[in-house]
Every structure is written in C-alpha cells, then in structure tokens.
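Side chains are part of it too, since the values below use all heavy atoms of this structure and drop only hydrogens, waters and symmetry mates. As the structure is a computational prediction, the values presented were derived from the model and not from experiment. Numbers here are sequence positions counted from 1.
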Amino acid sequence: MFNMLRMDLRRLLKSRSFKVILLVTAGMVLMVSLMTALVSDPENLEDMAARGAEIEEIDRQMSEEIRNMTQLNLAHETLGGGFLLIIVGIGVTLFVHGDFSSGFVKNICCAQPRRSGYVLSKVLIAGVYSGIITLLGILLILLAPYLFGMHPVPNTIPDILQYMLWMWLPHWAFGAMALFVVLLTRSSNLGLLASLASGLGLTAAVSEVLPRLLHLPYPSPYFLSSVVRNQCLPQPYPSQMWMVFLCSVAWAVVYGVGSLLLMEKRDI
C-alpha cells in the first residue's frame, strides 16, 4: 500500500490537471479578493455613484462591514460557500478517473490483487489533495487583500491554524465522496456534476423536500456543504468542533467503505 501511495504522490505532483487546479484556485481567490477590495472602498463607491450607479445605504453599510472584518471572517465569507469543496471534488475526480481512462488501474490490480490497498491509497491522496487546496486557498485569502489595499483585522496564528484544520477535515471527506462517485459511475462527467451539485449545496437543499412534506427533521445540516458553511467558523464553539469532526469522519467512513465494496465486487 505504501508503494502505491508513493506512486500516487509522484503522479499527483507531476499531473498537469493538478497544476491547472492550483492555478484556477489561485486565480479565483485573487479575483474575489480584488472584487471585495473594490466593493469595500468608500471612495470607489462614491465614484460609482457620481457616474450614475445606484448606490444605496445598504451598499455603504456592507462596505463598512467588510472593512471591519477580521482576516478569518473575510476568509470564511469567501471560502465558506463551497468553492474549495468543488475544487477538491473536481481534482480528485480527474485524478482517480485517469486510472480508468488510461487502463492503468488494470495494471495496478494485477500487481496488487488486494484492492483495499488501492482504495486506501486513493483516500490518503484525497487527504493530501484537499490539504494542499485548503492551505493554498486560506493563505491566499489571508494575504491577497493586502495586495489590493485592504487591511482586515489580523487574527492570531493559533486561530488561523485551527481554522485550517476544521476546514480541511470536511474537504478531505468530500474528496472521498469524489472517489466513491468515480468508482461507482466510472465517469468523470458524472463525478464533476456530483462535485458541483454537492459543493454548491444543491443536494442538501433537495434532501429537505421530503422531510418538509412529512414534517420530519432535516438531514441537510449534516451534509458536508452545510458543515463547511455553518460549522467551520473562524472561532467555533466546542459543539461546532464536534459537529465538524463527527460529520467528516462519518462521511469519510461511508464513502471509504462504499469505495472498497465497489472495487471488490466490480470487474476492472
């Protein structure tokens, strides 16, 4: 299994899609930071109003709120909507599907008959992939505002590291979901659609339809997109930490076991 993991790590670092994903992540974060800086600048708002744009009082209040945000609050407003979830899901989907589209998985399974090693290696790679994306996204969103003239209230290093940890766990579980979908469908297109729908919270919203009709509790708070949005806060309470940890571990186990069963029961 460790040989397979080392091989996957080398493939990941040399992968063109991985480098493209990193560039897209960096570009999107920088673009969002630039737009946020423009909206938060009162002089820019007044200039827009002078040119005929409709600038209302709520726009000025929002601008002031952005200027008074801490680094981590600004980061959560940007990343808490599921952007990094989608990036992780897409990246893991492309990486795993590459084994099937190239036929490389047949060679792996011939050399390593125990398919549990293949699944465990891919789950760990999902953890590495999600960790790199989470680290890159958070570091850029913390530093990029200073490039555009913003000066958010700084947070302490322990708070930043804690935020990174709680953001990484559900993103790792989301990567395991992407692995499961690829092994289930053997289709990168369906995997990409699943990552997009789940990351945006569409699956969580759909899950509320039947419970609403039957007056039952909603399961949506336990979906990974909801956990990232509502529980991975800059300074979470202990109950929120437990929510993040338990939901991440539970979904990772479900998707990991499901992936193992698919590999064991389906022909390669």
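A donor-acceptor pair under 3.5 Å is formed between the side chain of S195 and the backbone N or O of G191. Judged purely by atom type and a 3.5 angstrom limit, W172 uses its side chain to pair as donor or acceptor with the backbone of V123. Distance alone, capped at 3.5 Å, is enough to place a donor-acceptor pair between the H171 side chain and the M167 backbone. Looking at T25, its side chain does come within 3.5 Å of a backbone N or O of I21 through a donor-acceptor pair. Judged purely by atom type and a 3.5 angstrom limit, H76 uses its side chain to pair as donor or acceptor with the backbone of R229.
In the hydrophobic clustering of this structure, I141 groups with W166; members are Ile, Leu, Val, Met, Phe, Trp, Tyr whose side-chain heavy atoms approach within less than 4.5 Å, directly or through other members. In the hydrophobic cluster analysis, where Ile, Leu, Val, Met, Phe, Trp and Tyr join through side-chain heavy atoms closer than 4.5 angstrom, L84 is grouped apart from V32. Criterion: ILVMFWY side-chain heavy atoms under 4.5 Å apart, direct or through other members. Under it, V128 and V119 are part of a common hydrophobic cluster. Put simply, L200 and L224 are part of the same group of oily side chains (I, L, V, M, F, W, Y) that touch within less than 4.5 Å, one to the next. L262 and V254 fall into different hydrophobic clusters, where Ile, Leu, Val, Met, Phe, Trp and Tyr are joined by side-chain heavy atoms under 4.5 Å apart, directly or via other members.
Looking at heavy atoms from C-beta onward, L139 lies in side-chain contact with M164 at the 4.5 angstrom threshold. With contacts defined as side-chain heavy-atom distances shorter than 4.5 Å, the pair I138/L79 qualifies. For the pair L38/F148, no side-chain contact is recorded, criterion being any heavy-atom separation below 4.5 Å from C-beta on. At least one side-chain heavy atom of V24 sits less than 4.5 Å from a side-chain heavy atom of M28. Here the side chains of W251 and V227 are not in contact, with every heavy-atom distance at 4.5 Å or above. A 4.5 Å side-chain heavy-atom check between Y255 and L179 finds every atom pair outside the cut-off. Side-chain contact check for S225 versus L85: some heavy-atom pair is nearer than 4.5 Å. With a 4.5 Å cut-off on side-chain heavy atoms, V182 and L190 do not count as touching.
If you take OG on S33 and CG on L74, they are separated by 7.0 Å, rounding to the nearest 0.5 Å. How far OH of Y163 is from OG1 of T134: 9.5 Å, rounded to the nearest 0.5 Å. How far OG of S259 is from OH of Y118: 10.0 Å, rounded to the nearest 0.5 Å. The line from CG of L147 to CG of L34 is 10.0 Å long, rounded to the nearest 0.5 Å. From F180, atom CZ reaches atom CG of L261 across 9.0 Å, with rounding to the nearest 0.5 Å. We find the CG-SG distance between L165 and C232 to be 9.5 Å, quoted to the nearest 0.5 Å.
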Only distances under 3.5 Å count here; give the side-chain donor-acceptor pairs of residues 236-249 to other protein atoms, sequence neighbours excluded, each with its distance to 0.1 Å.
residue, atom, partner, partner atom, Å
Q240, OE1, Y237, N, 2.8
S248, OG, V244, O, 2.7

Please output the side-chain donor-acceptor pairs of residues 149-161 that fall under 3.5 Å, not counting sequence neighbours, one pair per line with the distance.
residue, atom, partner, partner atom, Å
N155, OD1, Q71, N, 3.2
N155, OD1, L72, N, 2.9
T156, OG1, D159, N, 3.4
T156, OG1, D159, OD2, 3.1
D159, OD2, Q235, NE2, 3.1

Can you give the donor-acceptor pairs under 3.5 Å from side chains of residues 205-215 to other protein atoms, not counting sequence neighbours?
residue, atom, partner, partner atom, Å
S207, OG, A204, O, 2.6
E208, OE1, R212, NH2, 3.3
E208, OE2, S220, OG, 2.6
R212, NE, Y218, OH, 3.3

TODO: Show your reasoning for whether side-chain contact (heavy atoms from CB on, under 4.5 Å) applies to I132 and L22.
DONE: CA-CA 9 Å; I132 294 173; L22 293 181; 4.0 Å; yes
- [ ] Just do the side-chain contact (heavy atoms from CB on, under 4.5 Å) check on M177 and S198 with the steps written out, would you?
- [x] CA-CA 10 Å; M177 182 212 73; S198 299; 3.8 Å; yes
- [ ] Before giving the answer on side-chain contact (heavy atoms from CB on, under 4.5 Å), spell out for L135 and W168 the whole-Å C-alpha distance, their side-chain angles and the decisive distance to 0.1 Å.
- [x] CA-CA 8 Å; L135 179 63; W168 171 55; over 6 Å; no
Open item on the list: Go through it in stages, so that I can follow the logic: the residues are R11 and F95, the test is side-chain contact (heavy atoms from CB on, under 4.5 Å), and I'd like the CA-CA distance, side-chain angles, deciding distance and then a yes or no.
Closed with: CA-CA 9 Å; R11 287 180 52 229; F95 182 77; 3.7 Å; yes
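The two residues V92 and G175 make their nearest non-hydrogen contact at CG1-O, 3.4 Å. Taking both residues in full, the closest heavy atoms of L30 and A144 are given as CD2-CB, 3.7 Å, listed atom of the first, atom of the second, then distance. When all heavy atoms of S116 and L260 are compared, the closest pair comes out as CA-CD1, 3.5 Å. Taking both residues in full, the closest heavy atoms of D8 and S121 are given as OD2-OG, 2.7 Å, listed atom of the first, atom of the second, then distance. Minimum interatomic distance between G199 and I86 (heavy atoms only, all atoms of both residues): CA-CG1, 3.8 Å.
When the side-chain contact (heavy atoms from CB on, under 4.5 Å) test is applied to L140, the partners found at least two apart in sequence or on another chain are A26, V29, L136. By the side-chain contact (heavy atoms from CB on, under 4.5 Å) test, R16 is found to be paired with V20, residues two or more places apart in sequence or in another chain being considered. For F83, there are no ring-ring contact (aromatic ring centres under 6.0 Å, His included) partners at least two apart in sequence or on another chain.
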